[in-house]
Amino acid sequence: MNPLRVYNTYTRKKEDFKPIDGKRVKMFVCGPTVYDLSHLGHARTYIAYDIIARWLRYRGYDLFYLMNITDVDDKIIERAKKRREDPLKMAREFERLFFRDIRSLNIDTIDLYAHASEHIPEIIDQIRRMIEKGFAYVTQTGVYFDVSKFEDYGKLSHQKPEELRRHRIEPDPNKRNLQDFSLWKKRKGEEPAWDSPWGKGRPGWHIEDTAMAEKYLGQQYDIHGGGADLIFPHHEAEIAQMESISGKKPMTKYWVHTGFLKVKGKKMAKSLGNFITIQDALKDYDVETLRLFFSSTHYHSPINFHEKGLEQAKRTLESLYATLDNVRRGARSLKELKDDERALKRKIKENRRRFGEAMDDDFNTPLALTYIYDLDKDSNKLLDKQGNINDRLADDLIATFKELGGIFGILQKERVEEELPEDLKALIEERERARERKDWRTADEIRNWLEEFGVILEDTSQGVRWKKKRQF
RNA sequence: GCCGAGGUGACGGAAUCUGGUUACGUACUCGCCUGCAGAGCGAGUCAUGUGGGUUCAAAUCCCACCCUCGGCUCCA
């Protein structure tokens, strides 16, 4: 088997993927700050890691996938204040909506969600160790990480400390260096606070992730992911925190970052007001359409959000499902495979292999998809030529489509073989009679009418057939 | 200013690391099939940001430049 290769932001290279502990893989992905609804930009990232997780497991890795939920944070407090709500309560409400989004997106790979508010002891413990080791200091306002003590600060974002110093402006005379970041914030007024050796307060920006990661994954683990906007300062700070405590480098073996979702050339962001919430998008498009749309671009590249692109994904899905239907319908129990069928059987095997190679090459989903399209084409060709297909080969094809599609989360819908109501059946028969007497007007009227009811009629050499219109 | 990510037909997008006919898909055009349509099949049209260099050969390597987006304040 070829090695899996992963692009590592830290080394800026694709590397052979070698987990620290054999087949066990530990992955941490930065989750949401639950202060508002999630939009498609978030969906892009979460779906990308869902696909990565599915592929790792499919490939036989024993993956443990951890995601944090930030439920204590400046933004939450600010928003709650405006809405005159309790911050933790409000956070729980947005968290509920986040889980609804995750479910609607068919994301099912995450093993454990960890809340910042539920890891205060672990957070305090990490800060204590940083202070003991001289990497952190206490001021009037809280506890800060002293970046001058950590010589690797800047290594992930490839920034020199001087550069960072120049532009990080956060006037706080208590801090030793301008770019020192907060580990613990002492309470100011009404806000959630916990007891700590440094007084009542709450965790800083980056500490929850390392506290959770250490608890569930250990001081060193395999993959840490998130959007590209987290590289600095968030992930940089995490490295500083964990590696200063443990003295072990690297904290994370492979840093993986997803590209942005853009709208008319700009990053989709709350602050720009150009966002579409996940639920709104799902009103117009089926989740499989969204997932195919995202899978059509490499996770690392920016995606331009286009109606056109979604329409394309939609059509592609329709056509793939149509092929599945055609294959099912054409299946006949025949003993021997014909030459073309044997060739198609070999093609299945071949395309499975090439699909795997594409996914192994830094999760190249757009390339992997082409091997599904190729099988789609060949299936139709065979049906066109023979008019039917050996049922065992048909089963093999359908299983392959479902299995490979399952990596992206497409082609998972079961075909519902429901009966048509009698009156509709009667209409179809009436149309057949109209066609026999070449009364095309009546025939077309009936066909159009049925389409309004979501029933598509197709006249074939084997007679008329109907199908329920699928909505994507 | 510093650090990234990008720039490939009408559109999406792969190949760039590892140089060897710009894959694949959508749209469009034509043909087959069909009363028509749909689905399907076949054929076709259209692209490597610019300028140099290396090479038998460059989307790919080297140099210079242009453009877009992002990070450096909260961000997926």
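The structure presented is a predicted model; accordingly, all values stated were derived computationally and were not measured. Chain identifiers are assigned alphabetically (A, B, ...) following the order of the sequence lines, protein sequences preceding nucleic acid strands; residue numbering begins at 1 within each chain.
- Taking the C1' atoms as reference points, B/C67 lies 26 Å from B/A76, given to the whole Å.
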Stepwise side-chain contact (heavy atoms from CB on, under 4.5 Å) test for A/Leu112 and A/Tyr65: CA-CA 7 Å; A/Leu112 181 67; A/Tyr65 177 0; over 6 Å; no
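- Of the side-chain N and O atoms in A/Thr370, none sit less than 4.0 angstrom from OP1 or OP2 of B/G25.
- In terms of phosphate contacts, A/Arg447 brings no side-chain nitrogen or oxygen within less than 4.0 Å of OP1 or OP2 of B/G38.
- Contact annotation for A/His306: backbone-only contact, meaning every heavy-atom pair under 4.0 Å involves sugar-phosphate atoms and none involves a base.
- Taking the centre and axis of the six-membered ring of A/Tyr221, the NZ or CZ atom of A/Lys253 falls outside the cone set by 45° and 6.0 Å.
- Among the protein residues, A/Leu230 comes within range of the sugar-phosphate backbone only, with heavy atoms under 4.0 Å from sugar or phosphate atoms but none that close to a base.
- The glycosidic torsion of B/G70 lies more than 90° away from 0, placing the base in the anti range.
- Taking atom P in both B/U60 and B/C28, one finds a spacing of 33 Å when rounded to whole Å.
- When the nucleotides B/G70, B/G35, B/G12 are ranked by their closest atom to the side chain of A/Gln312, B/G12 comes out on top.
- Looking at heavy-atom distances under 4.0 Å, A/Asp439 makes no contact with the nucleic acid at all.
- B/A47 and B/A39 have their P atoms separated by 28 Å, given to the nearest Å.
- The pair A/Asp439-A/Arg433 does not count as a salt bridge, with every side-chain nitrogen at least 4.0 angstrom from each carboxylate oxygen.
- Contact annotation for A/His298: backbone-only contact, meaning every heavy-atom pair under 4.0 Å involves sugar-phosphate atoms and none involves a base.
- A/Leu369 comes within 4.0 angstrom of nothing in the nucleic acid, heavy atoms only.
- Residue side chain A/Lys14 reaches the base of B/C17 through a donor-acceptor N/O pair under 3.5 Å, judged by distance alone.
- Rounded to an integer number of Å, the gap from CZ of A/Arg79 to C1' of B/C74 is 12 Å.
- Taking atom C1' on both B/U45 and B/U34, the two are 26 Å apart, rounded to the nearest angstrom.
- A donor and an acceptor atom sit less than 3.5 Å apart, one in the side chain of A/Asp459 and one in the base of B/C36.
- Atom P of B/G49 sits at a distance of 39 Å from the matching atom of B/C32, rounded to the whole Å.
- The partner of B/U68 is B/A5, by the rule that a Watson-Crick or G-U pair needs both atom distances under 3.5 Å.
- Using a 4.0 Å heavy-atom distance criterion, A/Asn380 is classed as a sugar-phosphate-only contact.
- Note on A/Lys467: every side-chain N or O is 4.0 Å or more away from OP1 and OP2 of B/G38.
- As rounded to the nearest Å, B/C24 and B/A15 have C1' atoms that lie 11 Å from one another.
- Evaluation of A/Trp440 against the base of B/G35 yields a stacking contact (centre distance < 5.5 Å, interplanar angle < 30°).
- Taking the C1' atom of each, B/A58 and B/C17 are spaced 15 Å apart, rounded to whole Å.
- For A/Arg441, the CZ atom counts as loosely surrounded, since its 6.0 Å shell holds 12 or fewer non-hydrogen atoms of other residues, nucleotides or ligands.
- As the counterpart of B/A76, no nucleotide is assigned, since no Watson-Crick or G-U wobble pattern has both distances under 3.5 Å.
- Between A/Phe472 and A/Phe293, the ring centre distance reaches or exceeds 6.0 Å.
- A sub-4.0 Å separation between OP1 or OP2 of B/G6 and a side-chain N or O of A/His300 is present.
- Within the nucleic acid shown, A/Asp374 has no heavy atom closer than 4.0 Å to any nucleic acid atom.
- A/Lys377 comes within contact range of the sugar-phosphate backbone alone, with a heavy-atom separation under 4.0 Å but no base atom that close.
- Residue-level contact check: A/Tyr373 touches the backbone only, with heavy atoms under 4.0 Å from sugar-phosphate atoms and none from bases.
- More than 12 heavy atoms of other shown residues, nucleotides or ligands fall within 6.0 angstrom of atom NZ in A/Lys425.
- Of the side-chain N and O atoms in A/Asn364, none sit less than 4.0 angstrom from OP1 or OP2 of B/G13.
- Nucleotide B/C24: paired with B/G12 (Watson-Crick or G-U wobble, both distances less than 3.5 Å).
- Residue A/Lys267 is classed as a base contact, given a heavy-atom separation below 4.0 Å to a base.
- One P atom belongs to B/A57, the other to B/G19, and the distance between them is 15 Å to the nearest Å.
- The partner of B/C46 is absent, by the rule that a Watson-Crick or G-U pair needs both atom distances under 3.5 Å.
- Neither OP1 nor OP2 of B/A39 sits under 4.0 Å from any side-chain N or O of A/Ser319.
- If you check every strand for non-hydrogen atoms under 4.0 Å, A/Lys266 touches sugar and phosphate atoms only.
- A salt bridge links A/Asp340 with A/Lys385: the distance from a Lys NZ or Arg NE/NH1/NH2 to an Asp or Glu carboxylate oxygen falls below 4.0 Å.
- Listed pair A/Arg435 / B/G35 fails the phosphate criterion, with no side-chain N or O lying under 4.0 Å from OP1 or OP2.
- Summarising the geometry, the separation between CG on A/Leu156 and C1' on B/A5 is reported as 14 Å, rounded to the nearest angstrom.
- A/Leu40 approaches A/Ile278 most closely through the heavy-atom pair N-CG1, 4.2 Å.
- Within the shown strands, B/G31 is the pairing partner of B/C41 under the Watson-Crick or G-U definition, both distances less than 3.5 Å.
- Close to B/U26, at under 4.0 Å from its OP1 or OP2, lies no side-chain N or O of A/Lys314.
- When heavy atoms are screened at a 4.0 angstrom cut-off, A/Leu261 is found touching base atoms of the nucleic acid.
- Side chains of A/Thr70 and A/Asn68: a donor-acceptor N/O pair is present below 3.5 angstrom, by distance only.
- Using a 4.0 Å heavy-atom criterion, one finds that A/Lys75 contacts the bases of the nucleic acid, with or without backbone contacts as well.
- Not one side-chain nitrogen or oxygen of A/Tyr371 sits closer than 4.0 Å to the OP1 or OP2 atom of B/G25.
- Nucleic acid contact for A/Gly265: sugar-phosphate only, since backbone atoms but no base atoms lie under 4.0 Å from a heavy atom of the residue.
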